Amino acid sequence: MLSSIPMAEEADTVSSLLNEGKEGKPLVVILVGAPGSGKTTFCNDVIRVARRTWTRICQDTIANGKAGTKAQCLQSAANALQEGKNVLIDRCNLELEQRSEFVKLGGARADVHAVVLDLPARVCISRSVQRTGHEGNLQGGKAAAVVNRMLQKKALPNLNEGFSRITFCHNDDDVKTAVNTYSLLGLFDSLPPGIIGQKSGDAKVQQGIMKFFKKVDTDGNCSQNSAPKHENNENNPRPMGIEKGNEVGKDEQKNDMLLNPSVSDFQWNDAPTLAFPSISTSDFQFNMDKASDVIVEAVADFFSKVDKVKLILVDLSSKSKMLSLVKVKASKKNVDTTRFSTYAGDITRLYTGGGLHCNVIANASNWRLKPGGGGVNAAIFSAGGEALEIATKEQADTICPGSSIIVPVPRTSPLSQREGVTYVIHVLGPNMNPQRPNCLKDDYVKGCKVLYEAYSSLFNNFASIARSQNYQKEYSGDSKSEPTKSVCKSFEAVVECQRSSSEQKSKREVSYGSDCNKKSKSNGDSGGLPGMLEKEEQKSERSDHSAKSSWGSWAHALHQIAMHPEKHNRDVIEISDDFVVLNDLYPKAKKHILVTSRLPGLDCLAEIRREHLPMLQKMHAAGLKWAEQFSRHDPSLVFRLGYHSVPSMRQLHLHVISQDFDSTHLRKKKHWNSFNTPFFRDSIDVQEEIKMNGLATIKDEKLLSSELRCHHCKSAHPNLPRLKSHIATCKAPFPSHLQNGQLVFALSGSSDAVSAI
DNA sequence: GTTCTAGAAC
DNA sequence: GTTCTAGAAC
């Protein structure tokens, strides 16, 4: 397989591999291994005797010794590189997605290596179960189950991911050798790129992809275009790990090359190729067996009508059930495998991750044509960036099941710049998931029909693009000449095809979409696509007439209570001409009340002006009165009075909240941060600002996603449960910025607060 | 396996 | 604003 340098040989030649005299780039070494594989020990052993300066990045301790986030790890690693340090990433990193962000740390500023601690599962489990005091608290009985589960998802790293060197360790001796290699590495040394110590069974082979791309290399000599570019050192005995001296079978070697075919001339010398994901089988829960039948049928039908184009079905995992089902069924149906293939990898990184150049990719979209939702849709929108979102919106707002739309990818999009993708075709398949709109409730007769239509629409749209590209080539003779005319012709063809797609859609709606139409005419159906469309229309109508159309349907409750408090006797605890006081329906602390203004049309802090000051003072006085009353009843309670910079409910309301935050309703980061960052504007400060400036300062909603910090001692915590258990016992005093009358205490605080107004 | 988060939907 | 749940992480 790819490996050419056995571990034992590597041990003998470590010193000779060091290229002395040239300044080495900083290194990012990504450890890959299950819990118990010895990642932390590896790091500590390297750091103990290292000649370079290393920083170990460990998510379990990144936040002041406590568990933190992946983002914190990435930031710390970037900071260390900035300071010229080398970085060891001490996380499991067993899956491609888990390590991909860390690989991106490389490039011009650093080389990225992987060290794979691929020790037997029983060794990892045994160590994990026995250890105590583990930073990540993974020890004892639960460790075995976790390790087993993680190992099932293991995907060993590949040079295609962006590593310049990958070292596989299968036993303790291998680990020792690797430790020596990295600890011996001096400031000006560098290690040769390539793969070290890989067993023949390690590498993933994607059978047939070479044949598919017609890039068979009978000599096994292949350009190294997949690996990042490195300067070859003439003294280096093995410039690249996957070159000569490989005793592994040539067929296997060739198949690895298939993952990185030379693509420089593929786009113009070979047939246009569409890469597409399986539609509807993920979030929409379409039965995979049935879906694979539909794919094969749709592909076969398409090939019978259109030639000179190719299709690749892409799924992230090489263990994908869809890929194997489709492979088997396509073979049975004698689908032309020189034109249809499967590929395991990231559809948004076909070129940079796999060396495949497909300039048209399909997206398993949602009906709103919006990012999010996870899976392929999220990945493609994320990879396409804002430019793809805008380009999509220019084409359509929504899409019906069974149809597809073409979106030319702007040249500013990373998908275009990085991957060479020129078109994304959004496809919407049938939904079998009751939790998603327009569920077909196990009606697979209709489901298969719609899925076939979806693929058929996708392939036809792709054929339109391919025709336009062929026309473009024939027209210009040379793709480099007369680019303007070529692009114009191409664009016209695409627009035409888009039109025909819309026509198809209209026709289809008559048959399949009849339910849709019925529902959209009925009222009161809050679920499902048509109901939502109707709501969107209403919303957009409102926006034409009112600047305050952005309030969600849930956001009017307070307004209703303020306008008609007599109808809400159970919620309201005090009524005056200027305000009503009520218990928060979802209190975020032991005591949490709202003093709500009754002034119609005053909805939020941003709308407060000088003329509202008397009312603000009355609201504050009422809140203070209630806080004092609660504190007298329970002297442990301390209160803050204030406004959210941007409220979720309309009708101006003052929060009066005890600082214990002891409530089951406090469940989200944004709950905490809305009361414990500057997003919460203390009532006394707001009044002062209005007095002085006539306006209140509004703080950014980004504060709601800030890291979680204790409101007493300011320590950071990785998640809300941990924070809540900390604040239950934190004895630190309140910080000084709250000592100017913002807090209301049982005994002395109230007079301070009053005097501060 | 469980815990936690974040996005979709209302 | 909440609920639901898929996905990430260990």
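This is a predicted model, so every value here is computed, not measured. No hydrogens, no waters, no symmetry mates; every other heavy atom, side chains included, goes into these values. Throughout, a chain's letter reflects where its sequence line sits, starting with A, and its residues are numbered from 1.
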Open item on the list: Run A:Lys590 and A:Asp660 through salt bridge (charged side-chain N to carboxylate O under 4.0 Å, His left out) and show every step you take.
Closed with: CA-CA 7 Å; A:Lys590 282 180 181 169; A:Asp660 50 86; 5.4 Å; no

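Rounded to whole Å, the distance from CD on A:Gln59 to C1' on C:dC10 is 9 Å. When rounded to the nearest whole Å, the span between CD of A:Glu95 and P of C:dC10 equals 11 Å. Summarising the geometry, the separation between CZ on A:Arg368 and C1' on B:dA9 is reported as 8 Å, rounded to the nearest angstrom. The CD1 atom of A:Ile657 sits 11 Å away from the P atom of C:dG1 (whole-angstrom rounding). For A:Asp584 and C:dG1, the CG to P distance is 9 Å, given to the nearest whole Å.
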TODO: Let me have a per-nucleotide readout for nucleotides 2-8 of chain C, 5' to 3', with B, S or -, counting only protein heavy atoms under 4.0 Å.
DONE: SBSSS--

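Contacts of A:Asp283 classified as salt bridge (Lys or Arg N to Asp or Glu O under 4.0 Å), with partners at least two apart in sequence or in another chain: A:Arg436. Listed by chain and residue number, A:Glu101 satisfy the salt bridge (Lys or Arg N to Asp or Glu O under 4.0 Å) test with A:Lys104 (two or more places apart in sequence, or in another chain). Taking the ring pair (Phe, Tyr, Trp, His ring centres under 6.0 Å) definition, one finds that A:His711 meets it with A:Phe661, A:Trp672, A:Phe734, sequence neighbours left out. In this view, A:Arg91 satisfies the salt bridge (Lys or Arg N to Asp or Glu O under 4.0 Å) rule with no residue, not counting sequence neighbours. Considering only residues two or more places apart in sequence or on other chains, A:His592 meets the ring pair (Phe, Tyr, Trp, His ring centres under 6.0 Å) condition with A:His655, A:Phe675.
Residue A:Pro434 is out of contact with every strand shown, counting any heavy-atom pair closer than 4.0 Å. Contact annotation for A:Pro647: no contact, since no heavy-atom pair falls under 4.0 Å across all strands. Contact annotation for A:Leu585: no contact, since no heavy-atom pair falls under 4.0 Å across all strands.
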